[in-house]
Amino acid sequence: MKKMKNLLFLLLIPLLPASANEIKLTGYTFDFGFKKITLNSSGLPANAFVGDEAVLSRPAELIIRSSGKKITPVSVFEINQKDKNHFSGKSIGSCGLFSLQTSFELAGDGVFEYSVTLTPEKSFTIDEFALVLPLNLPDDRLFSCEKMAPEAPGSGLDAERRRIRKVLKNAENYSGEFAPDFWVGNTRYGAAVNFENCRNWEVKPDSAVVFDGKNQLRFNFINLPFEVNKAITWKFYFSITPLRKFSDTWRQGKFRTRYGSMTPTDGNQMIYWGGSFYSFSGVYNNMWIREKLFRDVAEYDKKRQPDVGIMHYTIHWLITPRAVFEYGGKYYLMENPELMEICRKYGTLAAGYSKGWKNVPENRQKFTDWQELSTIIGGADQLFTGVKTVATDVYSVHLSPDYIDYLVKQAELPLSLGSRGIYADGLRPVKDYRNAFTDRYGKVWGNHDIPGVRKLYREIRKKVQSLKPAGQMIAHNSELPYTPALAYFDMILIGETDFYWYQEPSVRDLSKNGDFYYAHIWGSPDRLKFVYPRTWGIPVVLLPELRGKNGKIFSGSPRGTRTMLCYTIQFDFLYWPLWCDAAEIRKFDAIRHKFGMDSSEAETLEFIPYWENTVFKAADPAVKTGYYQRIPQFDPNFPTPLTRKHLLLISNFQFAPADTLITLPKLKDLKAINSMTGEVIPLKDGKLPVKLDQYDFTVIEISGEEE
């Protein structure tokens, strides 16, 4: 029975919107089932709704000025349906001075691919050309972007400094240089705009993107006098979030892993992330080396735990075509000629990865066939014990068509061996500087290959659907969610960048034993609003990384993990409990699942975040309460009293103990039970007394009947 439940859960995971959600077109309105976007005659969004909430306050527009005058071309617009869930449109406008063509493609993932071309009738000077999105953001103005990486992209703190996350309050604004990724919204909806590059952007310093702190997001393609004497094209991608609706069962997921060990752990879904499949001592995308081991492990799992399985796939922009291993005092060179050719043609050696060749002796033994090497190194029972990687060539590779074909073919192996899906590490395109260009200020800009990434994951999704119709795709998206590729995935995995050395020194963990690791790193829970699942319409799975100054995992104390849970239980996350105290995660998961994490015909489950909670309010403002509630469906034929059930998640967001009271709804036979101990809590004047240590939490079940 348990196995059947796990299999049923896997079958209930929603598939890609392109196959599950039909887009209906009526006039100029695209209906996605739970959201609508209407275009105007210019081809841009006139309005956009998620449910009954408006994402835009007025139509988007392209603002053009010449000689101080605003020019609005008269446009003719048409939309064509190319195939099921595939549309194109074109708006052509003219004014005597120039013509303006705005065209788009829309597929089932809900992302509009725009191309705007301005063609002069004769040479003229343009003063301003801007794309303006007037958003409707009455509260929680969340602004995020990621700046373009340098030619030799760094990681850690360097990368974190490029990721801008701002909660804009009191009309705070933003003005900055070009960045390829933008999302602005709140915890209910938002709008994403993405660019491949800033070619043909002619702007004053730090003025390419401006958000006025209220509602208007502005992209300045040109904001200084610029002579236009030939056709100019700009491209961008537009989408609104959430990307889709949740299934009723998504909160049932409990994740387990086998990380360098054959020991099964609790959970109904497996994520493989061992060195054997991911990066073994700096060898990336190494399935071509370890296919036999991969097959052995898959066979092992098929016998021991056949009801679960998601295997790791790839980091699309890093690959190792050549490596030398030392085993038993002998050296073995392993090389994949097909990959080496692709890397040399479309890639560059990745800084900081390729190394060690000076330590390799000449008498190394060369293999081009994984089967030969497998007889000497490895096996499912060894997991490469005693093997050392001496030298590697790691390339950062552009997503050329033949490289995409190679990666898609690689995805077939885990699926053919029984995997129920693909776990992909990295959604964003690698910044390609082979076609770099220099702006008027001498800064070098690369290209952001959005079409390549979209094609890669679209093709992998097709492969999953053809080989495993109920399969899933997990996006290891440690940065900001990336909408152009995100719709091809069923879950978002976050958290790896919430790590000691990724943070500014001022917010790193100050305790000696890691007790307040996350309390320092996140500082404010507002940062987590950017990955709140409701915002994206996709379940979010958190990967904790409780490591200290020496890079080692904290051990011996569950307090660091409880500090992490203090924050994250308020955001409706699922958990993949690596690099933390997994027992604390399991306790919390057990409480949620006992309460019930799905909806039924009799009851509906809802989650209310603390910032929308008006019922359970603590006297101490630093104590936050979000809650799950089970709402019984009223049947007029059986008008019995309705029992209300709430699961309160109470967190103390401060470096001080809390002793406070929480208001409760007026219910008959009101009961409060500590879900962590099972004890009944005496109420105090109809209120719930709560005592919490600094950055700790508790979970209380409240029930009663409506009066």
Side-chain angles (χ1 to χ4, degrees), residues 10 13-18 20 109-111 142 144 146 163 165 181-183 185 187-190 192 194 239-247 249-255 257 267 269-273 310-316 420-429 453-454 456-458 460-461 464 471-499 502 522 527-545 564 567-578 585 607 609:
L10 289 166
I13 290 292
L15 295 178
L16 174 67
D109 58 8
V111 177
L142 305 177
S144 68
E146 182 173 350
R163 299 166 190 143
R165 303 174 182 88
D181 310 334
F182 287 90
W183 177 84
T187 56
R188 299 185 305 281
Y189 56 80
N194 301 81
S239 55
I240 62 172
T241 58
L243 295 175
R244 60 175 179 264
K245 294 180 69 175
F246 284 118
S247 73
T249 60
W250 72 271
R251 292 188 182 93
Q252 293 180 6
K254 292 191 298 180
F255 294 86
T257 187
Q269 292 193 74
M270 173 76 83
I271 299 178
Y272 294 80
W273 203 29
I310 299 174
M311 294 185 183
H312 177 272
Y313 169 47
T314 187
I315 304 176
H316 73 256
R420 287 176 171 81
I422 295 296
Y423 164 29
D425 191 347
L427 266 66
R428 275 181 170 74
V453 165
R454 283 169 58 79
L456 171 65
Y457 290 124
R458 181 170 61 246
I460 291 178
R461 185 74 207 204
V464 171
Q472 305 162 71
M473 288 179 64
I474 297 179
H476 189 161
N477 195 67
S478 299
E479 306 163 21
L480 299 169
Y482 189 70
T483 54
L486 198 57
Y488 299 111
F489 291 85
D490 299 290
M491 286 173 277
I492 308 171
L493 182 68
I494 65 164
E496 197 180 6
T497 55
D498 298 310
F499 168 52
Y502 279 58
W522 282 332
R527 175 170 171 172
L528 292 173
K529 290 180 179 179
F530 290 93
V531 285
Y532 182 46
R534 186 181 65 185
T535 302
W536 304 99
I538 299 177
V540 173
V541 183
L542 178 67
L543 165 63
E545 188 160 348
M564 176 270 294
Y567 275 110
T568 61
I569 62 173
Q570 300 294 341
F571 291 88
D572 207 12
F573 292 157
L574 303 176
Y575 297 93
W576 184 24
L578 282 183
I585 303 290
F607 178 76

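What's counted below: heavy atoms across the whole structure, side chains too, no hydrogens, waters or symmetry copies. Here the structure is a predicted model, which means the values were calculated and not measured.
- Ser144 is linked by a side-chain contact (heavy atoms from CB on, under 4.5 Å) to Trp183, Leu480, Phe530, counting only residues two or more places apart in sequence or in another chain.
- Evaluation of the side chain to side chain donor-acceptor pair (under 3.5 Å) test over residues 528-537, restricted to residues two or more places apart or in two chains, returns Asp140-Lys529, Thr187-Arg534, Asp526-Lys529, Arg534-Glu612.
- Shown here are the salt bridge (Lys or Arg N to Asp or Glu O under 4.0 Å) partners of Arg188, two or more places apart in sequence or in another chain: Glu53, Asp139.
- Under the ring pair (Phe, Tyr, Trp, His ring centres under 6.0 Å) criterion, Tyr575 pairs with no residue at all, not counting sequence neighbours.
- For the pair Leu574 and Gly253, the tightest heavy-atom approach, listed with the atom from each and the gap, is CD2-O, 3.8 Å.
- In this structure, the side chain of Arg428 does not engage the main chain of Tyr482 through any donor-acceptor pair within 3.5 Å.
- Heavy atoms only, all atoms of each residue included: Val453 and Pro429 are closest at CG2-CA, 3.5 Å.
- Side-chain N or O atoms of Ser239 include none that pairs as donor or acceptor with a backbone N or O of Gly110 at under 3.5 Å.
- How far CD1 of Ile492 is from CD1 of Ile538: 4.5 Å, rounded to the nearest 0.5 Å.
- The residues Arg458 and Asp109 are annotated as not salt-bridged, no charged nitrogen and carboxylate oxygen being separated by less than 4.0 angstrom.
- Here the CD1 atom belonging to Ile422 is positioned 11.5 Å from the CG atom belonging to Asp490, to the nearest 0.5 angstrom.
- Taking every heavy atom of both residues into account, Ala485 and Tyr457 meet most closely at CB-CD1, 4.2 Å.
- Between atom CZ of residue Phe607 and atom CG of residue Asp572 there is a gap of 5.0 Å, rounded to the nearest 0.5 Å.
- Taking the side chain as every heavy atom from C-beta outward, Phe489 and Leu427 approach each other to under 4.5 Å.
- Between atom CH2 of residue Trp250 and atom CE of residue Met491 there is a gap of 11.0 Å, rounded to the nearest 0.5 Å.
- Screening residues 536-545 for salt bridge (Lys or Arg N to Asp or Glu O under 4.0 Å), with sequence neighbours left out, gives Glu545-Arg547.
- The OG1 atom of Thr568 sits 7.5 Å away from atom CG of Leu528, with the distance rounded to the nearest 0.5 Å.
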side-chain contact (heavy atoms from CB on, under 4.5 Å) between Thr241 and Thr483, worked out: CA-CA 8 Å; Thr241 58; Thr483 54; 4.0 Å; yes
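- When all heavy atoms are compared, the tightest approach of Gln472 to Val464 is N-CG1, 4.3 Å.
- Salt-bridge check for Asp181 with Arg163: failed, with every basic side-chain N at 4.0 Å or more from each acidic carboxylate O.
- Heavy atoms only, all atoms of each residue included: Arg454 and Tyr488 are closest at O-CE1, 3.8 Å.
- Atom NZ of residue Lys254 and atom CD1 of residue Ile585 lie 12.5 Å apart, to the nearest 0.5 angstrom.
- The side-chain heavy atoms of Pro533 and Phe573, taken from C-beta on, include a pair separated by under 4.5 Å.
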